[in-house]
Amino acid sequence: MKSKKSYRRDVDFTVHLKRILGVATKVQAITAGTIEGYQNLRMSEASPRRKGKNTAPATVNKGVSCLNTMFNRAIRYGKLRENPVGKVKKLIENNVRMKILSVEEFEELYVQCSSYLKPVVLMAYFTGMRRSEILNLIWEDVDLKKGFVRLKAESTKTQTARSMPLHPKVVSTLKSLSMSESSSKVFLRNGMPFVDIKKGFKAACCRAGIEDFTFHDLRHCALNN
């Protein structure tokens with residue numbers, strides 16, 4: 001289970017489910033009404049990540065989805081006969097972000113990035129690849145001669161293989177990167193693979209004077225471009 005990318009979030013959802021539904025509550029006692037009560041209470045609680053705002057509908061829906069998985073597994077194992085989650089409507093999600101940088105803003109952001117972060121940010125800005133896809137990219141999937149990245153199905157969030165043309169700036173940057181004998185990963189920090197870019201990216205945004213912008217927003221920039 002810990003190999004799942006969403007493992008930490010699943011643990012967090014489970015904590016809230018137990019807190020609100022009650023640790024001593026029998027599974028058979030959970031009804032559609034109980035779950036709707038969970039939705040209402042979670043929606044009224046303050047968000048730990050967004051100051052001054054309540055828990056987002058999307059977050060509440062994911063918590064209910066986690067509960068839905070538990071019920072379906074219990075039914076599959078012959079422990080239960082019915083899943084009450086199927087009777088509950090999903091909350092309407094309206095938390096889509098569409099923050100787009102101007103060319104000048106991106107250039108300033110790029111300048112402010114640390115050396116190990118620059119090629120990662122450039123890749124995201126021009127290809128629209130997700131963070132995990134970029135950080136897990138291996139040289140085997142990069143064709144510098146034809147200027148393409150070919151992602152295998154198991155490397156993507158949607159489990160669908162896809163190919164993407166590379167901007168000349170990206171090709172030039174990739175050619176300048178050094179390959180490691182100990183790792184097949186394209187992007188390295190001090191010769192080693194890395195996964196933590198949140199702090200470095202946030203610091204670069206701060207130095208560039210860019211507010212309310214996340215790494216995922218680079219994907220929006222790529223689609224817009």
Legend entry - Contacts of Asp141 that satisfy side chain to side chain donor-acceptor pair (under 3.5 Å) - sequence neighbours left out: Lys152
Legend entry - Arg76 atom CZ, over 12 foreign heavy atoms within 6.0 Å: yes
Inset, instruction - Kindly check if the number of other-residue, nucleotide or ligand heavy atoms within 6.0 Å of CZ (Arg131) is above 12? - result: no
Only pairs under 3.5 Å count here: list side-chain donor-acceptor contacts from residues 106-113, not counting sequence neighbours, and write none if there are none.
from   : atom 1 : to     : atom 2 : distance (Å)
Glu108 : OE2    : Gln112 : NE2    : 2.9

Inset, instruction - May I ask you to list the residues sharing a hydrophobic cluster with Val23, side-chain cutoff 4.5 Å, ordered by chain and number? - result: none
So how far is it from [X] [atom1] to [Y] [atom2], rounded to the nearest 0.5 Å?
X: Asn190; Y: Ser180; atom1: CG; atom2: OG; answer: 11.5 Å
X: Leu67; Y: Ile35; atom1: CG; atom2: CD1; answer: 5.0 Å
X: Phe13; Y: Asp10; atom1: CZ; atom2: CG; answer: 7.0 Å
X: Leu218; Y: Cys221; atom1: CG; atom2: SG; answer: 5.5 Å
X: Lys89; Y: Asn61; atom1: NZ; atom2: CG; answer: 13.5 Å
X: Met179; Y: Leu177; atom1: CE; atom2: CG; answer: 9.0 Å

How far apart are the closest heavy atoms of [X] and [Y], and which atoms are they?
X: Thr127; Y: Met123; answer: OG1-O, 2.5 Å
X: Ile92; Y: Pro57; answer: O-CB, 3.4 Å
X: Pro193; Y: Ser183; answer: CG-OG, 3.4 Å
X: Trp139; Y: Leu144; answer: CZ3-CD1, 4.3 Å
X: Thr25; Y: Ala29; answer: CG2-CB, 4.3 Å
X: Leu137; Y: Val142; answer: CD2-CG2, 3.8 Å

I'd like to know if the side chain of [X] and the backbone of [Y] have a donor-acceptor N/O pair within less than 3.5 Å.
X: Ser172; Y: Lys169; answer: no
X: Asp217; Y: Phe213; answer: no
X: Gln39; Y: Val64; answer: no
X: Ser155; Y: Leu151; answer: no
X: Asn54; Y: Met43; answer: yes

Legend entry - Sidechain N-carboxylate O distance under 4.0 Å for Asp212, Lys99: no
Pairs meeting criterion ring-ring contact (aromatic ring centres under 6.0 Å, His included) with involvement of [range], two or more places apart:
range: residues 153-205; result: Tyr116-Phe194, Phe126-His167, Phe201-Phe215
range: residues 44-67; result: none
range: residues 49-69; result: none

Legend entry - hydrophobic_cluster_shared for Val88 and Leu41, side chain cutoff 4.5 Å: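 Per the 4.5 Å side-chain linkage, Leu41 and Val88 are co-clustered.
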Inset, instruction - Kindly work out whether a path of hydrophobic side-chain contacts (I/L/V/M/F/W/Y, heavy atoms less than 4.5 Å apart) joins Leu135 to Leu174. - result: yes
Can you name the side-chain contact (heavy atoms from CB on, under 4.5 Å) partners of [X], sequence neighbours left out?
X: Arg42; answer: His16, Arg19, Ile20, Tyr38, Glu45, Thr55, Thr59, Val60
X: Pro165; answer: Phe148
X: Ala74; answer: Lys79, Leu80
X: Ser65; answer: none

Just wondering, do [Y] and [X] contact through their side chains at under 4.5 Å, heavy atoms?
X: Pro168; Y: Val171; result: no
X: Arg162; Y: Glu133; result: yes
X: Leu117; Y: Arg189; result: no

Legend entry - Ser176 versus Thr173, side-chain donor and acceptor atoms under 3.5 Å: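 There is no such pair (donor and acceptor under 3.5 Å, judged by atom type) between the side chains of Thr173 and Ser176.
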Legend entry - Short side-chain donor-acceptor distance under 3.5 Å, Asn72 and Thr69: no
Inset, instruction - Step by step, work out the side-chain contact (heavy atoms from CB on, under 4.5 Å) result for Val170 and Tyr125. - result: CA-CA 10 Å; Val170 177; Tyr125 182 75; over 6 Å; no
Legend entry - salt bridge (Lys or Arg N to Asp or Glu O under 4.0 Å) involving Glu36 - partner list, sequence neighbours excluded: none
Legend entry - By salt bridge (Lys or Arg N to Asp or Glu O under 4.0 Å) - contacts of Arg219 (at least two apart):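 Salt bridge (Lys or Arg N to Asp or Glu O under 4.0 Å) list for Arg219, sorted by chain: empty.
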Inset, instruction - Show your reasoning for whether side-chain contact (heavy atoms from CB on, under 4.5 Å) applies to Arg150 and Asp143. - result: CA-CA 8 Å; Arg150 296 180 173 84; Asp143 187 339; 3.4 Å; yes
Inset, instruction - Run the numbers on Ser163 and Val149 for side-chain contact (heavy atoms from CB on, under 4.5 Å), then give the verdict. - result: CA-CA 6 Å; Ser163 298; Val149 164; over 6 Å; no
